[in-house]
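Structure record follows, encoded as structure tokens.
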Amino acid sequence: SENLTAGEYCSCHSDCNVDLRRQRISQTVEEVQKVIHQLTTEISHQDVRFQAVPYSDTYNGNIKVLAPSQFLVTVPVKGLAGYRAAREQRWRYYTLQGTRLPCPLPGPEGLQQWLEVEQFVKSLWQWHEADVNIEGDIVPAKVLQVFRKLVENAIRACHLSGKVSMLANRSAVWVAVETSVCQVELELAPTVEIPTTWSEKARWPRCLKRWPSPERVECIKSFGFNLLARSNYHWELSFLQAEQVLLEQLDEDGGCRRRCLQVMRQMKEDVWCPGKRPILSSHHLQTVLFWTCEKYPHFKDWQVFGKAFLRLVRKLHKCVSQHFLKHYFVRNSNLLRCANSGELDAVAQKLAFFLKNPQISLP
């Protein structure tokens, strides 16, 4: 085998590997898209509160590739328009079963928030119904309950039982889809899209930061944010569109930021964190890149691939070792909070080994 430095790795090994990955992923996304479009079209006919995920020939903003065999699919809901922040805080004493609690439910933390139907200027009467609403709150667990049944029925109605199966024992809605490349696990997350309003929880940008530029910041904030149904009582904030805009405009100065991300993703999937359900997703790597871009905003920091790549891997190693990676927009949220400590330590060890001797052995 031949040993290459991190800098040489880029031009020799990563080009074909990154291209191969891109081909496999686009083939998988293409097949998954068709299935998702079919299922969600059927679901939208059954329940007016859910929209079909559109089919797209180019980039599909509703499908986020977390790993080659793990995707997040946001399924937009319908009939909630004109969002505004909640006017006052109140305690909640209800349970999903309809009983009363002696003490209030814990409040939302980090990326979480409550969602009241009254926060929308316009809402379909169906959002006031007891199948999704408790005491004026639209409750994610109730929405997921309704949505799970709709997905099960749609799989049957679309004759997709041989290709798509529900994954049990998950609080969110997960399905497995057979594609010609591999089996893919998809989380289907009902999503309230809130365009044009930026979340109060996302205190961004931090003052005196030089990346991204003020004009870019305004553009990014204009995309608003989403709320995903993934847990029991609280909705989860998501900034997929804003993050995508940041990614698309990374290297306008001709730097190698995107290249660094691609190679880091390849190394994660091949060496540091392989497997079907990796502890680190593409979203974690992307967040590490955003923080590093903010700390090193100048073109000169992204001219030499080898140097820039190792800087990024050092930041990743630090986050994984400390089990702590702040969300880029909502700083008081740790993206590794629920990750398995043992698995994180194993990845940290592999990263440390790589940093000691940053060479990649090629067969």
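This one's a predicted model, so the numbers in the text were calculated from it and none came from an experiment.
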Student check: side-chain heavy atoms of [X] and [Y] closer than 4.5 Å:
| X | Y | result |
| --- | --- | --- |
| F354 | M267 | yes |
| R314 | R311 | yes |
| L280 | L316 | yes |

Under 6.0 Å from the [atom1] atom of [X], do we count more than 12 heavy atoms belonging to anything else shown?
| X | atom1 | answer |
| --- | --- | --- |
| E135 | CD | yes |
| F299 | CZ | yes |
| R203 | CZ | no |
| K163 | NZ | yes |
| R87 | CZ | no |
| Q349 | CD | no |
| R210 | CZ | no |
| R337 | CZ | no |

Practice prompt. Please confirm whether R265 makes a cation-pi placement over F309, using NZ or CZ under 6.0 Å from the six-membered ring centre and within 45° of the ring normal.
Written response: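 Geometry flag: not set, cation outside 6.0 Å or 45°.
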Discussion item. Check for me whether the distance between the ring centres of F239 and W198 falls short of 6.0 Å.
Written reply: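 Yes, ring centres under 6.0 Å apart.
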Discussion item. Checking R216 against Q249: is there a side-chain donor and acceptor pair closer than 3.5 Å?
Written reply: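 The criterion, which ignores hydrogens and geometry beyond distance, is satisfied for R216 and Q249.
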To the nearest 0.5 Å, what is the distance between [atom1] on [X] and [atom2] on [Y]?
| X | Y | atom1 | atom2 | result |
| --- | --- | --- | --- | --- |
| Q241 | I220 | CD | CD1 | 11.5 Å |
| S123 | H128 | OG | NE2 | 3.0 Å |
| K326 | L335 | NZ | CG | 11.5 Å |
| E30 | S56 | CD | OG | 9.5 Å |

If the test is side chain to side chain donor-acceptor pair (under 3.5 Å), which one of [options] qualifies with [X]?
| X | options | value |
| --- | --- | --- |
| Q27 | E31, R24, Q23 | E31 |
| D131 | Q126, R49, K142, Q145 | R49 |
| R277 | E343, E185, Q70 | E185 |

Worksheet item: Using 30° and 60° as the class limits, which term best fits the ring planes of F329 and W204: parallel, tilted or perpendicular?
Response: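 Taking W204 first and then F329, their aromatic rings stand perpendicular (interplane angle over 60°).
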Discussion item. Parallel, tilted or perpendicular, judged at 30° and 60°: which one describes the rings of H327 and H283?
Written reply: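 Geometry flag for H283 against H327: tilted rings.
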Discussion item. Could you report the tightest heavy-atom contact between L325 and N334, atom names first, then the distance?
Written reply: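 So the minimum-distance heavy-atom pair works out to N-OD1, 2.9 Å.
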